[in-house]
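Read the structure below first, then the notes.
Atoms within each ligand, like the ligands themselves, are counted from 1 in listed order. Computation of the quantities below employed the complete heavy-atom set of this structure, encompassing side-chain atoms and omitting hydrogens, waters and symmetry-equivalent molecules.
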Amino acid sequence: MPCGAGLGRSFIARIALALVLLTVTLCLLWYRDLVSPPSRVLPHAPFNVLQNHDKQPQPGATTSPAAPAAQQQKATWGPRNATLGFDAILALSKGGGQSWRVQGLQAAAALSGLNVTVPPQPTWLPEMVEAFAALSPEGVPKPEPGSAAAWLAHIDLLKYVLQSELNSALIVEDDVDWDIHIKDQMSNIAEAVRQQTHAPHDESNPYSSQWDILWIGHCGDTPMPNETVSLFKDPTVLEHKRYVGFAGTKSYLQAHIPEGQRAVYRSQGAVCSYAYAVHRGGVRKVLDFVSTGLGQAYDTKLFYGCRSGLLKCVAVTPEVMRGEPAERGDNAPGRMASDDGSIGGQEGGGQPDKVAVSEAEKITGTTSNIRQSARCMSLWKKACIGGHK
Ligand SMILES: *[C@@H]1O[C@H](CO)[C@@H](O)[C@H](O)[C@H]1NC(C)=O
Ligand SMILES: *[C@@H]1O[C@H](CO)[C@@H](O)[C@H](O)[C@H]1NC(C)=O
Ligand SMILES: *[C@@H]1O[C@H](CO)[C@@H](O)[C@H](O)[C@H]1NC(C)=O
């Protein structure tokens, strides 16, 4: 029967088409799993502020009680948006969109589902840079021209935050890198910061507003022995023995922080301004403080602000953002140097762990302390685990 045979054929054809579509869909899903950041693997990294019966990080350290559910919810989901729960992520860059720094930054941002804005920077005339450096009177350390220009650029971004009436902003230097699980990490950090600062329940900022600087990208910092430390479990933390950083941070981690955990605490001053957040309630204060110059570099100025208590600073150690990124082509050890010597080439305020400088060339091709570099993943589709073997 031609008619029936026709129906049969079209039925078989439809089944075949359905099978082909199913196969294609499965392949696409599988491919998406391969190329997209696996943040779904860790829908919510196990968050655990240690209770008193757990190992204490150090004598005198205490932990805060768990946050109420609504607050926890806000802290958990706010940081998972394209600006990590801030109103904006602002990158400090002089090179514009063309430099390898910004291209890598935007590639990493795209892979991580982040929206990073690069506000245009004014051109700093040498006279302006010199005038800023000259704010330091005789006997007070002056910034080198590169440091002074970087400092002015940070000031300019803080003004941008103020003028744009942003409620909060994460400020990053343009060669910064992070782990592809940054949203999970920030979600945990937000909750720890809320607990650490005893944030009021009606606080709308996922990170609370009980600080002036939230320092998430530095090159080493440890809490004062008398400070309360909030710890949380984070499977993306590199083994402490592989930590690279300034001034005893590694030995602090090894002695006081259990493996696989990060610490959030009131900071008396980190060094390196790779990534830090400000919010509307504190940005004017930060701006007034850093605009006076007087010091060697922007990050050390912030350090003294935190140390003196003029600024209330909260930091996370190990840090989750880091400069000197994975794809850096030059082999220069130590602190990052800028393409034109003007942005980011700051002097630090501490002494690097001896190993950090001598071994730095060997770690080119990775980003220190970052397990799965977003720059590396976006450019080369591999992890480039950063840190010492
Ligand atoms: C991300 O979350 C913050 C805090 O809730 C909010 O202010 C900001 O507008 C959000 N950004 C985006 C891109 O949704
Ligand atoms: C990123 O944020 C800017 C500023 O808020 C906005 O204009 C732009 O549309 C955003 N881009 C994407 C891809 O969401
Ligand atoms: C810890 O000691 C420092 C320095 O003496 C002091 O500034 C800070 O307020 C103290 N912190 C606490 C929580 O007592």
Handout entry: Distance filter under 4.0 Å to Thr83 heavy atoms, resulting ligand 1 atoms
Key = 1 (C), 10 (C), 11 (N), 12 (C), 13 (C)
Practice task
Using distance alone, with no hydrogens and no angle criterion, decide if Tyr160 and Gln121 have a side-chain donor and acceptor under 3.5 Å apart.
Solution key: no
Fill in the blank from the handout: Sorted by chain and number, sequence neighbours left out, side-chain contact (heavy atoms from CB on, under 4.5 Å) with Ala270 holds for Trp215, His218, Asp221
Practice task
Tell me, please, which residues at least two apart from Ala134 pass side-chain contact (heavy atoms from CB on, under 4.5 Å).
Solution key: none
Practice task
Identify the two heavy atoms, one from Gly248 and one from Thr222, that lie closest to each other, and give their separation to 0.1 Å.
Solution key: O-CG2, 4.2 Å
Exercise for the section: Identify whether Tyr298 and Val129 are in the same connected component of the hydrophobic contact network (ILVMFWY, side-chain heavy atoms under 4.5 Å). Expected result: yes
Practice task
Identify the residue among His181, Gln372, Gln185 that makes a side chain to side chain donor-acceptor pair (under 3.5 Å) with Thr236.
Solution key: Gln185
Completion exercise
Residues with a heavy atom under 4.0 Å from ligand 3, by chain and number, are Asn226, Glu227
Handout entry: Per-atom contacts, ligand 1 versus Asp87 - under 4.0 Å to a heavy atom
Key = 6 (C), 7 (O), 8 (C), 9 (O)
Exercise for the section: For Lys142, enumerate each residue passing the side-chain contact (heavy atoms from CB on, under 4.5 Å) test, keeping only those at least two apart in sequence or located in another chain. Expected result: Ser136
Practice task
Return yes or no for this condition: an N or O of Thr117 is under 3.5 Å from an N or O of ligand 2.
Solution key: no
